[in-house]
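Since the structure comes first, as structure tokens, the remarks are kept for the end.
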Amino acid sequence: MVPPSLRARLALTAVLAALVVLVLGVLYAGDSEPGPLDARLGEAAYDVGPSWRHAALVVDFLGEPAGSAALVAVLLAGCLLLRLPRAAVLVVAGPAVSVVTATLLKSLVGRTIHGDGNLSYPSGHTTFVTALALVVALTVAGRLGLGRAAGTSVVLGAPLAAGAAMGWAQVALGAHYPTDALGGWCTALAVVPATAWLVDRAADRAADRTADRMKDRAAVRPTDRATDRAGDGAAERSAERSADAGHREHR
């Protein structure tokens with residue numbers, strides 16, 4: 001799931017993203033107000049008109065339980081039809097691990113919006129769509145055998161576009177601050193490459209064990225055939241001796 005040409009860049013991206021998540025979490029821990037960065041990033045997204053609000057609601061639905069389940073189900077079916085088992089596993093595991101991580105971070109950071117019960121950092125919706133877009137981008141890059149430049153553009157461009165769209169929707173609807181969306185985007189960028197690496201490791205080990213079993217069977221089969229032939233020869237000789245003995249007794 002992680003093309004060799006992109007491993008170094010993805011690893012660096014994941015580390016930098018994790019640092020951003022950590023720094024923002026420390027800055028806004030226990031806070032309930034927008035920060036200076038939120039004012040700059042969110043100025044264009046606040047107070048959108050009715051048509052843009054409708055578009056934001058449509059985008060927001062993709063991060064809701066029903067919408068996210070439908071997206072994952074469609075992509076999972078596509079992976080299974082194309083016989084891409086690793087991608088099928090990552091389509092489920094990548095977003096799931098990312099969202100669980102975001103949920104844990106919310107409790108640890110404790111940033112709220114519109115009341116004490118509304119934990120906001122990082123944005124779970126933004127985390128989910130970014131993670132899913134990154135999984136799709138990794139699958140496409142690996143399937144098409146894209147080089148380093150093209151692969152990097154696809155693998156980073158798709159989650160950037162998806163995360164920006166969902167982040168805008170969350171800010172426009174007043175569900176999150178811009179830095180919440182930024183934290184969700186970076187959470188997915190940090191978690192999905194690590195999850196993809198684990199999927200590759202597990203699949204490679206399973207493939208190695210299968211290959212070893214096939215080699216063992218191939219090594220045992222000639223011996224088995226020789227044993228079977230020896231056994232058949234002994235049985236034939238025993239039958240011949242029995243027949244000769246019977247013939248002598250008859251005489």
Side-chain angles (χ1 to χ4, degrees), residues 1 17 21 42 45-82 84-109 111-140 155 157-196 199:
M1 286 307 304
V21 173
Y46 294 134
D47 299 326
V48 296
S51 59
W52 284 108
R53 181 174 177 81
H54 179 72
L57 288 171
V58 172
V59 175
D60 175 75
F61 174 74
L62 299 177
E64 293 293 320
S68 59
L71 280 176
V72 171
V74 170
L75 293 174
L76 178 60
C79 292
L80 294 176
L81 288 174
L82 294 174
L84 302 173
R86 298 191 188 197
V89 173
L90 193 59
V91 160
V92 177
V97 177
S98 298
V99 171
V100 168
T101 303
T103 303
L104 293 175
L105 287 172
K106 283 183 177 181
S107 299
L108 290 174
V109 175
R111 190 185 194 189
T112 59
I113 185 171
H114 307 314
D116 292 338
N118 300 314
L119 297 173
S120 65
Y121 180 87
S123 166
H125 283 58
T126 307
T127 300
F128 169 76
V129 296
T130 302
L132 199 61
L134 182 52
V135 171
V136 173
L138 286 171
T139 304
V140 171
V155 168
L160 175 61
M166 181 59 78
W168 166 79
Q170 296 306 298
V171 175
L173 295 173
H176 287 281
Y177 299 119
T179 46
D180 297 335
L182 178 60
W185 182 67
C186 289
T187 299
L189 291 181
V191 172
V192 171
T195 307
V199 170

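This chain uses plain numbering: 1 for the first residue, then up along the sequence.
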(request) Look only at the side chain of N118 and the backbone of H114, and say whether a donor-acceptor pair between them is shorter than 3.5 Å. (result) yes
(message) Once rounded to the nearest 0.5 Å, what's the spacing between atom CZ of R111 and atom OH of Y177?
(response) 6.0 Å
(message) Quick check: closest heavy atoms across G124 and V99, and the distance to 0.1 Å?
(response) O-CG2, 4.4 Å
(message) With side chain to side chain contact (heavy atoms under 4.5 Å, CB included) as the criterion, how do T130 and M166 come out once you've worked through the C-alpha distance, each side chain's angles and the decisive distance to 0.1 Å?
(response) CA-CA 8 Å; T130 302; M166 181 59 78; over 6 Å; no
(request) Over all heavy atoms of both residues, which pair between C186 and V21 is shortest? Give the atoms and the distance, please. (result) CB-CG2, 3.5 Å
(request) Indicate whether the side chain of S120 and that of D180 have a donor and an acceptor atom separated by less than 3.5 Å. (result) yes
(message) Can you give me the closest heavy-atom contact between A137 and V155, atom names plus distance?
(response) CB-CA, 3.7 Å
(request) Any chance you could measure M1, atom CE, to L138, atom CG, to the nearest 0.5 Å? (result) 5.5 Å
(request) Find the distance between CG (L173) and CH2 (W168) and round it off to the nearest 0.5 Å. (result) 7.5 Å
(message) I'd like to check the side chain to side chain contact (heavy atoms under 4.5 Å, CB included) partners of A131; sequence neighbours left out, ordered by chain and number.
(response) P95, S98, A188, V192
(message) Using a 3.5 Å distance criterion without hydrogens, assess whether the side chain of Y121 forms a donor-acceptor pair with backbone atoms of H176.
(response) no
(request) Report the distance from atom OG of S123 to atom CG of L105, rounding to the nearest 0.5 Å. (result) 12.0 Å
(message) Counting C-beta onward and ignoring hydrogens, is there a side-chain heavy-atom pair between W185 and L182 closer than 4.5 Å?
(response) yes
(message) Would you compute the distance between atom CG of L90 and atom CG of L134 and round it to the nearest 0.5 angstrom?
(response) 8.0 Å
(request) Could you tell me which non-hydrogen atom of P122 sits nearest to which non-hydrogen atom of G183, and how far apart they are? (result) CB-C, 3.5 Å
(message) Can you tell me how far apart CG (L76) and CG (L71) are? Round to the nearest 0.5 Å.
(response) 12.0 Å
(request) Grab the two heavy atoms, one from L189 and one from A17, that are nearest each other, plus how far apart they are. (result) CB-CB, 3.8 Å
(message) Counting only heavy atoms not in H54 (residues, nucleotides, ligands), do more than 12 fall under 6.0 Å from its NE2?
(response) no
